[in-house]
K.L.:
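Questions regarding the structure given below will be posed in turn.
The first residue in the sequence is number 1, and the count goes up from there. Worth saying up front: this structure is predicted, and the values here are computed from it rather than measured.
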Amino acid sequence: MLVRSALPSVLRGPQRDAGRLTGAALRRRAPALLGAALALLLGCSGAAQAPAARPARVVKTPPGQPKAPEGPPLLPAQVIAELEGEDATPYFARRGDEALLLYAAGGRLRTRVIGADGAPRGDLVDAGPVAADVPVAALRAGPQGYIAAWIEQIGGSRAVRVLALDPAGKPVAPASPVAQTAEEITWLDVLPNAKGALVLWEMPREDQGGVAQGDVDRVDVVMTVVAQDKGAAIRPTAPASVARDVLGWHAVATARGAAVALVLPPAARPPTAQGKPARKAEAEDAADTEKLGSIALLEIDAAGKVSAPVAVSPEPTAQIDLEIAAVGGRYLLTWTDERDIDSAVYLAAVEPGGKVVVAPRQATPPSGEQALVSLVAPSAGGGRALLAWEDQLRPRDGGVEAGGAGRLIHLASVGPDGALGAERAALVFSASGPPDLAADGDGFAAVTLAPARLKAARDAAAAPPIWPTFVRFGPDLSVRAAEPVRAAPFAATDGVPYLVRGLSCHKGACVTLASAAAGAGPQQGGAGKASSAAGARAPLALVSLPVRESAWRAPAFRADKAPPPRATAVRALAEGDHLARVAAAELDGGAALAAWVTYFVEGASDAAPRGQDLSATLAVRAASPGGLGKVNVLSQKASSLGGVAIATAPPPPADPKGKGGASAGESVIAWVARERGETQVYVTKVDATGAKLAQKKLTTAARKKKGGAASEASDVAIAYDGAGGFIVAWVDTRDGNAEVYAARVDRALNRTVPDRRITNAPLDAAEVQIAVRGQEAWLVWSDARPAGGAAGAGGEATGDVFFARLDAKTLQRIGDESRLHASPEHSRSPVLAPHEGGVLVGWVDEPAGEDAAAGGGSAARGGSAARGGPAAGGSGGRAWLVRLDDGGAVQGAPVAVAGPDGTPVSSIALACDEVCRGVLASAPGDSVVLSAFSLAPGEAAAPALKQLAWLTGSASQDVSPVFAGRSGGSLFFADDAVSGSGRVRWMTIAWP
C-alpha cells in the first residue's frame with residue numbers, strides 16, 4: 001500500500017475498508033489518509049500497524065519476487081538513518097531548499113537536516129524523550145522552523161503533545177502537553193500558518209444520546225492554537241471544538257489559518273409508523289443512508305476563531321472520502337457522491353469567506369461506478385491540482401502500454417474553476433489504497449506498486465516482479481520518466497527496498513524515503529525476511545527520482561490517446577433486483593429505449609404483499625444524449641423465462657386530410673406475463689418516453705395439464721415488419737416439447753396472423769431471434785434435435801443453431817429449416833444483425849456438460865440467460881459468426897472468436913451497417929469483461945478484440961448485451977453493482 005507521509009493537508013473521518021473494495025464497502029469508500037502514518041504492511045509482517053481505521057501510505061515490496069533483470073542502473077541514494085525495526089516510522093518535511101527528518105529511536109526523538117542535494121547536513125540531533133507507544137505523529141514546516149505533534153498512549157489515556165524545532169532540528173523548548181483524555185484520539189495533524197500552527201485531532205463518538213450508532217461512525221474534531229514568536233517557545237491554547245458529530249472531514253492549511261471541509265450526517269429519520277418494526281430491506285437502506293452526508297465548509301483563523309459552516313452540497317449523498325485543496329486562491333472540494341444510481345466523483349469550488357463559486361457537479365463523464373482516490377494540491381505559487389479516481393467499469397491492465405495487471409487509477413489536472421483538463425493519464429497500481437502522488441513543479445509525480453518489465457522484454461508470459469516504481473508526469477500528463485525504485489543500499493534484495501514512503505518534489509527534483517527490512521543490511525537478508533531480534537535496524541535511504549532515459553516500461557500512459565473502439569460513457573438506467581434479460585431499440589435523434597425483466601424465482605421471494613400475485617418486474621426507460629427519462633414499470637407479473645424484446649416502427653402516415661399521423665415513432669415490447677401460475681405472451685405499445693399507450697394479450701393457450709407440468713411460453717422476440725405491423729416469435733411448450741411459434745399484429749396490436757407453429761422437432765428449441773428483410777422474416781434459434789455425428793459425450797443431442805425464412809405477411813415457411821453449423825458442443829444464445837448484403841448470425845458454443853441432454857434434450861433451453869440464476873450463462877466457450885446472403889445461404893466457413901487470452905465467452909451482441917461490430921462478454925477469472933471487435937464485409941479471419949470494460953458483477957452472470965441500432969454506438973447490458981444490486985447499464989462506444 002502506498003501513502004504520502006508529509007503533506008500540508010489531512011483527510012479525516014471514519015475510514016473503513018480502505019483496501020480494494022468489494023460489495024457494499026465501496027459505497028462507503030474512504031481512501032487512505034493524507035499525512036504521516038505508521039507502515040501498514042501487506043502480507044505477513046511483524047510491523048506495528050496504525051489504528052485499524054488509519055491505513056498508512058507505504059509501499060511494501062511483496063516477498064518471493066522473481067529475479068531482477070540484469071543491466072538497468074540503480075537510482076542515486078544516500079543512507080540518512082537507521083530505524084529500529086520496520087515499525088519505526090520516519091517523518092519528513094520540506095522547508096525551502098532543506099528538509100528535516102524526524103524519527104524515534106531508543107525512547108528519544110531524533111532529527112537530521114537534509115540538504116537540497118539529498119545529503120545529510122550535520123549530525124543527528126537529540127530532540128528529547130518520547131513515549132514508547134506513539135501511534136500517530138505529524139511534522140510540518142512552520143514560520144520559525146518545524147512543528148511536530150503526536151499522540152501518546154499512556155496507560156488507559158491518550159495525550160497530545162507538540163514540539164517546536166528550529167531550522168536545524170533542535171528543540172526550542174521541551175515538548176508541550178496539549179490535551180489528555182480517557183477517550184480515544186485516532187488522528188491528528190499540524191496545519192501551519194503565518195503566525196504559528198493549528199493542531200487538529202479527532203475523537204470518535206461511540207453513541208449519540210445514549211443510542212448506539214452501530215457501524216455509522218461519527219467523530220468530533222478538536223483543535224489547539226500553537227502560537228510562536230520569533231525565537232520563543234510555543235504557547236498552545238486549551239483544546240477547543242471545531243465540529244461535533246461529523247461523518248468525515250478534511251483540512252488544508254492556509255496563510256490565514258485553515259479551511260476544514262466536513263461531511264455532515266443526515267437529519268434523523270422519523271420513527272417507524274405505529275411502532276411497527278421496519279422490514280429488513282428498509283432497515284438496510286436506512287443504514288446505508290446514514291453513512292452518507294452533506295458537504296459543508298468552515299474556516300479557522302490563526303487565533304482559532306471558527307466560522308459558521310457554509311453549505312456546499314446540501315444533499316445528503318456524499319460519501320466520507322471528502323478532500324480539499326487550495327487552488328488558485330480558492331478551495332477545491334471533491335468527494336464520491338451517490339445522488340444518482342452510480343456513484344460519481346463530484347467537484348465544487350468555494351472562495352475564502354464561504355461563497356460557493358462552482359456548484360457541485362460531476363467531475364468526469366459517466367463511466368459506471370466511480371470512487372475518488374485523491375486530490376493533490378499544486379506546487380507553491382499556483383498552477384493546477386491533480387484529481388485521481390478509479391472507475392469500477394474499466395480495462396484492468398491498460399493494455400500493453402501499462403505494462404501489466406493492476407488497478408487503473410485515472411489522472412487529470414483540474415483548475416480553480418473545477419474544470420478538468422482534456423489530457424488524461426492512467427496509472428497502474430497493483431495494491432489496495434491510493435498511490436503516492438505529489439506536485440512536481442508544473443507537473444506531477446507518483447510512486448506506485450506495479451509489474452516491472454523492461455521495454456525490450458519479449459517473454460510476455462513470464463510473470464514480472466511487482467516493485468515500487470516512480471513515474472514523473474509533465475504538465476500535459478505525458479510520462480517524462482519512470483523506473484522501479486532500486487538503489488545500492490538495498491543490494492541484498494536486488495536493489496529493491498522493503499518499504500517506500502514520503503514522496504516529495506522541490507524545484508524539479510523528486511525524492512522518496514525507502515528502507516530495508518529490519519536486520520537486512522546491504523549484504524544480508526532479503527525482502528520479506530524481517531528479523532525479530534532485539535535491536536534489529538533497518539537502513540533508511542533518501543532515493544532520488546531523476547528524469548533520465550530508462551530501459552523500464554512505464555506503468556502509466558496517456559489515456560486520452562487510446563485508440564478506438566473505446567467506451568466513452570457508461571450510465572446506469574436502473575437499480576434493484578438482478579436482471580434476467582435486457583432489450584433495446586433505437587429511436588430518432590440518437591435516443592434509445594431500453595427494456596428489461598428482472599430475475600424472479602417462483603416461491604423464493606417474500607416481497608409480494610399479502611393477497612398480491614407478483615413475479616418479475618418489466619420496466620422500460622428512454623435514454624438520449626440529453627439525459628435519461630422516467631423509469632416506467634409496465635408490469636410486476638412478468639416471467640423471467642419469458643425474456644423481453646422491443647421493436648420500433650416509424651411514425652404512421654397521415655390520412656389524406658392530414659390527420660392521424662404521429663409525431664414520433666412507436667415501439668412495441670413483447671414479453672411474457674405470469675398470472676395465477678400460467679404464462680401468456682403480451683405485447684405493449686409505448687411512446688418515445690417509454691410510457692404505455694396500449695397493451696394486449698397475444699396468446700390465450702390453455703396452460704394447465706392434468707398429471708403434468710403446465711405448458712410455458714418463453715424467449716420472446718419481435719421485429720417491425722416494414723408494413724405497419726410487428727412479428728412476434730417465442731418458444732412454447734403447449735404441444736409437449738418446446739417449439740418456435742410466431743404471430744403478427746398490426747399497429748393497434750390486433751392479431752392479423754394468429755399463433756403459428758414454426759418448428760416440429762423431437763427435442764426442444766430455445767432462444768429464438770427474428771429479423772425482417774424485405775418481404776421475409778428470418779428466424780434463428782437453438783435446437784436440440786440430433787444430427788448425424790453432431791452429438792455430445794455419450795451421443796446426446798447438445799443443440800445447434802437453426803435458421804428459417806418466413807413470408808412476412810402470412811408467416812408461412814419459405815423452404816426448409818437449415819442447420820447453420822453442426823457442433824458437438826452446446827450452441828446457444830443466437831443473435832441476428834441484418835445488413836445490406838444479408839445477415840450476420842452469431843452465437844456461443846460452450847462445452848456440453850452433464851446436463852447437456854437433461855430432460856430429453858433440453859440443453860438448448862438451458863442456455864437461456866433466465867434459466868441459470870440471475871442472468872447466468874454457464875461455463876462459456878467460443879463465439880461463432882456466420883454470414884448469410886440475401887437468399888439465406890451460408891457464405892463461407894463459420895468464424896470462431898474466443899475471449900481475450902482464450903477465456904470463455906458467455907454472450908455476444910452484433911450490429912451491422914457498412915461494417916459489422918460486436919461485443920463479447922467473457923469471464924477471465926471471477927469477473928466479466930466486455931471486448932469489442934469489427935468485421936469488414938467479406939472478412940473471414942477471426943477479428944481482433946479490444947477491451948472495453950471489466951464489469952463489477954461476478955463471472956456467473958450472462959450480462960445480456962444488446963445494441964440499439966445498426967451503428968453499434970449504444971450498448972445496453974445487465975450488471976451487478978459493487979453493492980450487489982442488479983443494474984441496467986448503457987454504454988456509448990466510439991468506433992474507428
K.L.:
Just to verify, what does Arg361 make a salt bridge (Lys or Arg N to Asp or Glu O under 4.0 Å) with, not counting sequence neighbours?
P.N.:
none
K.L.:
For the side chain of Arg407 and the backbone of Ser430, is there at least one donor-acceptor N/O pair under 3.5 Å apart?
P.N.:
no
K.L.:
Taking side-chain contact (heavy atoms from CB on, under 4.5 Å) as the definition, give me every residue that meets it alongside Val225, ordered by chain and number, with sequence neighbours left out.
P.N.:
Leu198, Thr237
K.L.:
Verify side chain to side chain contact (heavy atoms under 4.5 Å, CB included) between Leu163 and Tyr146, making sure each step is shown before the conclusion.
P.N.:
CA-CA 8 Å; Leu163 175 66; Tyr146 300 88; over 6 Å; no
K.L.:
With Arg161, which residues qualify under salt bridge (Lys or Arg N to Asp or Glu O under 4.0 Å), at least two apart?
P.N.:
Glu152
K.L.:
Considering non-hydrogen atoms only, spot the tightest contact between Val373 and Pro435 and give its length.
P.N.:
CG1-CD, 3.9 Å
K.L.:
Show the nearest heavy-atom pair for residues Pro555 and Ala482, with the distance to one decimal.
P.N.:
CD-CB, 4.2 Å
K.L.:
Can you name the nearest heavy-atom pair linking Ala344 to Gln370, along with the distance?
P.N.:
CA-OE1, 3.5 Å
K.L.:
Which pair of heavy atoms, one from Gly169 and one from Thr111, lies closest together, and at what distance?
P.N.:
O-OG1, 2.8 Å
K.L.:
Would you mind reporting whether Ile324 and Leu297 have side-chain heavy atoms less than 4.5 Å apart?
P.N.:
yes
K.L.:
Mind checking the CG-OG1 spacing from Leu437 to Thr448? Nearest 0.5 Å is all I need.
P.N.:
8.5 Å
K.L.:
With sequence neighbours left out, write down each residue that passes salt bridge (Lys or Arg N to Asp or Glu O under 4.0 Å) with Asp417, or none if nothing qualifies.
P.N.:
none
K.L.:
A side-chain contact here means heavy atoms from C-beta on lying under 4.5 Å apart; do Leu200 and Trp249 qualify?
P.N.:
yes
K.L.:
Side chain to side chain donor-acceptor pair (under 3.5 Å): which pairs involve residues 192-201, sequence neighbours left out?
P.N.:
none
K.L.:
Any chance you could measure Leu386, atom CG, to Ser413, atom OG, to the nearest 0.5 Å?
P.N.:
7.5 Å
K.L.:
Side chain to side chain contact (heavy atoms under 4.5 Å, CB included) with Tyr103: which of Thr89, Leu124, Leu139?
P.N.:
Leu124
K.L.:
For the residue pair Glu299 and Tyr331, confirm or rule out a side-chain donor-acceptor distance under 3.5 Å.
P.N.:
yes
K.L.:
Is any side-chain heavy atom of Met223 less than 4.5 Å from a side-chain heavy atom of Ile300?
P.N.:
yes
K.L.:
Are Phe473 and Arg480 close enough that some pair of their side-chain heavy atoms sits under 4.5 Å apart?
P.N.:
no
K.L.:
With sequence neighbours left out, what residues match Lys507 under side chain to side chain donor-acceptor pair (under 3.5 Å)?
P.N.:
Asp97
K.L.:
Out of curiosity, Ile409 CD1 to Leu427 CG, how far, rounded to the nearest 0.5 Å?
P.N.:
7.0 Å
K.L.:
Could you pull out all residues at least two apart from Arg95 that satisfy side chain to side chain donor-acceptor pair (under 3.5 Å)?
P.N.:
none
K.L.:
Give the C-alpha distance, both sets of side-chain angles, the deciding distance and a yes or no for side chain to side chain contact (heavy atoms under 4.5 Å, CB included) between Glu390 and Leu408.
P.N.:
CA-CA 7 Å; Glu390 184 176 7; Leu408 204 61; over 6 Å; no
K.L.:
With rounding to the nearest 0.5 Å, note down the distance linking CZ in Arg140 to CG in Leu191.
P.N.:
7.5 Å
K.L.:
For residues Trp389 and Thr334, determine if any side-chain heavy atom of one lies less than 4.5 Å from a side-chain heavy atom of the other.
P.N.:
no
K.L.:
Scan Arg548, Lys455, Arg553 and name whichever one has a salt bridge (Lys or Arg N to Asp or Glu O under 4.0 Å) with Glu483.
P.N.:
Arg548
K.L.:
Given the rule in the side chain to side chain contact (heavy atoms under 4.5 Å, CB included) test, do Leu387 and Leu411 qualify, once you have shown the distances and angles that lead to the verdict?
P.N.:
CA-CA 6 Å; Leu387 182 70; Leu411 307 174; over 6 Å; no
K.L.:
Where do Val345 and Ala371 come nearest, in terms of heavy atoms and distance?
P.N.:
CG2-C, 4.0 Å
K.L.:
So does Asp442 pair up with Arg384, basic N to acidic O under 4.0 Å?
P.N.:
no
K.L.:
Got a sec, which pairs hit salt bridge (charged side-chain N to carboxylate O under 4.0 Å, His left out) with one end in residues 466-477, sequence neighbours left out?
P.N.:
Asp440-Arg472, Asp476-Arg558
K.L.:
Is the backbone N or O of Leu503 less than 3.5 Å from a side-chain atom of Asp436, with the two atoms forming a donor-acceptor pair by type?
P.N.:
yes
K.L.:
Less than 4.5 Å apart, side chain to side chain, heavy atoms only: is that true for Pro378 and Val327?
P.N.:
yes
K.L.:
Any non-hydrogen side-chain atom of Leu262 less than 4.5 Å from a side-chain atom of Ile295?
P.N.:
no
K.L.:
Test of understanding: with salt bridge (Lys or Arg N to Asp or Glu O under 4.0 Å), list the residues that count as partners of Arg110, not counting sequence neighbours.
P.N.:
Asp126
K.L.:
I'd like to check the side-chain contact (heavy atoms from CB on, under 4.5 Å) partners of Val130; sequence neighbours left out, ordered by chain and number.
P.N.:
Ala104, Leu109, Val134, Trp150
K.L.:
Looking at side-chain heavy atoms only, is the closest gap between Leu347 and Val358 below 4.5 Å?
P.N.:
no
K.L.:
Sequence neighbours excluded, which residues qualify as side-chain contact (heavy atoms from CB on, under 4.5 Å) partners of Ala119?
P.N.:
Gln78, Asp117
K.L.:
For Val471 and Ala556, which heavy atoms make the closest approach, and how far apart are they?
P.N.:
CG1-CB, 4.1 Å
K.L.:
Under the side chain to side chain contact (heavy atoms under 4.5 Å, CB included) rule, what do His410 and Asp391 come out as? Steps first, then yes or no, please.
P.N.:
CA-CA 8 Å; His410 297 280; Asp391 292 336; 3.3 Å; yes
K.L.:
From Leu332 CG over to Leu375 CG, what is the distance, rounded to the nearest 0.5 angstrom?
P.N.:
5.5 Å
K.L.:
With rounding to the nearest 0.5 angstrom, report the CG to CD distance, Leu420 to Gln362.
P.N.:
11.0 Å
K.L.:
So, using side-chain contact (heavy atoms from CB on, under 4.5 Å) as the criterion, who are the partners of Ala487 when residues are at least two apart?
P.N.:
Ala77, Pro489, Phe490, Val543
